[in-house]
Amino acid sequence: MKKLVLPGLLISSLALTAVYAAEEPNADAYREMTYGDRDANPALLVVDRGEELFKEKRGPKNVSMEECDFGLGKGVVKGVYAELPRYFKDTDQVQDLESRMITCMTTVQGFDAAELKKKTYANEKANEDNTDLEAIAVYIAAQSDGMKINPSLAHPKEQEAIKVGEALFYHRTGPLDFSCASCHGADKQRIRLQNLGNFSKAGPDAQKAIGGWPTYRVSHAAVRTMQHRIWDCEGQMRLPDTEYGAPLSVALIAYLTAQAKDGTYVLPGMSR
Amino acid sequence: MASVKLKAKSIDGGLIEVKALMTHPMETGLRKDSSGAVVPAHYITEVVVTANDKEVMKTSWGGSVSKNPYLSFNYKGAVGDKLKLTWKDNKDGTDTAEAAVE
């Protein structure tokens with residue numbers, strides 16, 4: 001019996017291979033078909049919520065986030081995301097959007113940083129709605145829609161962050177001896193149908209990834225920010241939780257954003 | 001907060017293209033929480049859109065529709081039509097949004 005069954009199985013698996021090989025998986029065509037209409041992006045609902053939270057007087061000091069400086073002056077949100085991460089004099093640090101939000105919410109609004117970081121991301125397994133932090137982040141980021149990816153690169157600390165981020169990108173670590181470059185260091189890699197961008201070189205792959213985040217991840221039914229992306233990648237590498245806005249994540253984001261320079265932000269994004 | 005986003009514009013052939021996004025958890029009733037208890041179903045059952053108080057679209061939904069659903073359809077109408085979208089869910093919840101056709 002076994003001998004009779006085996007050739008049959010072999011033939012059918014060969015036929016399947018032929019079908020898959022006939023056409024390269026085309027994630028772009030799928031994306032256009034499913035997420036081509038930007039009006040269909042539920043992140044737009046979260047952007048509205050974020051705007052309300054941003055403008056609302058909140059925290060122990062009862063002030064709105066319009067009192068915050070995201071790099072282009074107090075109260076400016078238009079275009080700030082396009083130039084982040086950048087060096088901030090008041091904190092003497094390079095900060096991405098989300099670490100800067102924490103600075104603002106603690107110093108200007110009087111929130112407690114540890115309290116804010118207790119619940120940073122919605123748990124998609126519990127069908128949770130986006131957290132306030134995620135909503136505010138996507139609102140601010142969406143105000144750079146259509147703009148060039150243009151992170152500030154002039155300050156020595158900005159240069160340093162990019163160098164540190166690059167080193168981290170290639171640093172193998174954790175129980176699986178993984179680096180970011182293990183998945184994102186070569187062209188045309190993929191996991192199943194998911195394309196893996198090659199972020200070891202500047203250009204289209206990095207531009208597409210950075211330019212489309214924060215994104216509404218359909219599989220999470222939630223908006224996901226760059227901090228979440230780094231945290232999730234580190235989790236896949238079996239590393240301990242990366243603290244929200246930690247210098248490690250900011251350095252990686254600084255490196256990736258520098259690789260994506262001159263790309264275009266299409267925000268909010270929408271993806272798998 | 002706009003929990004429903006509704007917009008409509010005139011397209012070719014005397015048609016109006018309506019697009020709407022609705023904030024809703026759309027719980028299927030099949031999911032379990034961390035303690036293993038079933039999370040009760042909570043989903044939109046009906047969406048109705050009227051143009052100048054005349055019904056132009058009505059749909060019945062269930063638990064298989066995604067969270068924060070998106071809805072789009074065309075109808076024969078005119079610029080300036082006053083649209084109103086109303087959804088109802090299985091817990092007697094409801095929400096509405098209004099918009100004029102552009």
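Here is the naming used below: chain letters follow the sequence lines, and residue numbers restart at 1 for every chain.
- Within a 6.0 Å radius of NZ in A:K61, other residues, nucleotides and ligands contribute more than 12 heavy atoms.
- Only the side chain of A:D37 comes within less than 4.5 Å of a heavy atom of chain B; its backbone N, CA, C and O stay farther away.
- Taking CG from A:D48 and NZ from B:K5, the interatomic distance works out to 3.5 Å, rounded to the nearest 0.5 Å.
- When all heavy atoms of A:E128 and B:K67 are compared, the pair lying nearest together is O-NZ, 2.9 Å.
- Only the side chain of B:K7 comes within less than 4.5 Å of a heavy atom in chain A; its backbone stays farther off.
- The environment of NZ in A:K117 is crowded: more than 12 heavy-atom neighbours from other residues, nucleotides or ligands sit within 6.0 Å.
- Environment of CG in B:D92: sparse, with no more than 12 heavy atoms of neighbouring residues, nucleotides or ligands closer than 6.0 Å.
- Heavy-atom distances place the side chain of B:K19, and not its backbone, under 4.5 Å from chain A.
- Of all non-hydrogen atoms in B:L21 and A:N41, the two that sit nearest each other are CD1-O, 3.3 Å.
- Interface remark: A:E51 contributes no atoms to any contact with chain B (heavy atom separation under 4.5 Å).
- At most 12 heavy atoms of other shown residues, nucleotides or ligands fall within 6.0 angstrom of atom NZ in B:K58.
- Environment of NZ in A:K57: sparse, with no more than 12 heavy atoms of neighbouring residues, nucleotides or ligands closer than 6.0 Å.
- By the 6.0 Å contact criterion, CD on B:E102 is open, its count of non-hydrogen atoms from other residues, nucleotides or ligands being 12 or less.
- Under the 3.5 Å distance criterion, the side-chain polar atoms of B:R31 are matched with a main-chain donor or acceptor of A:K125.
- When every heavy atom of B:E27 is checked against every heavy atom of A:A126, the shortest pair comes out as OE2-O, 4.4 Å.
- Within the model, atoms CG of A:L44 and OG1 of B:T23 stand 10.5 Å from one another, a figure rounded to the nearest 0.5 Å.
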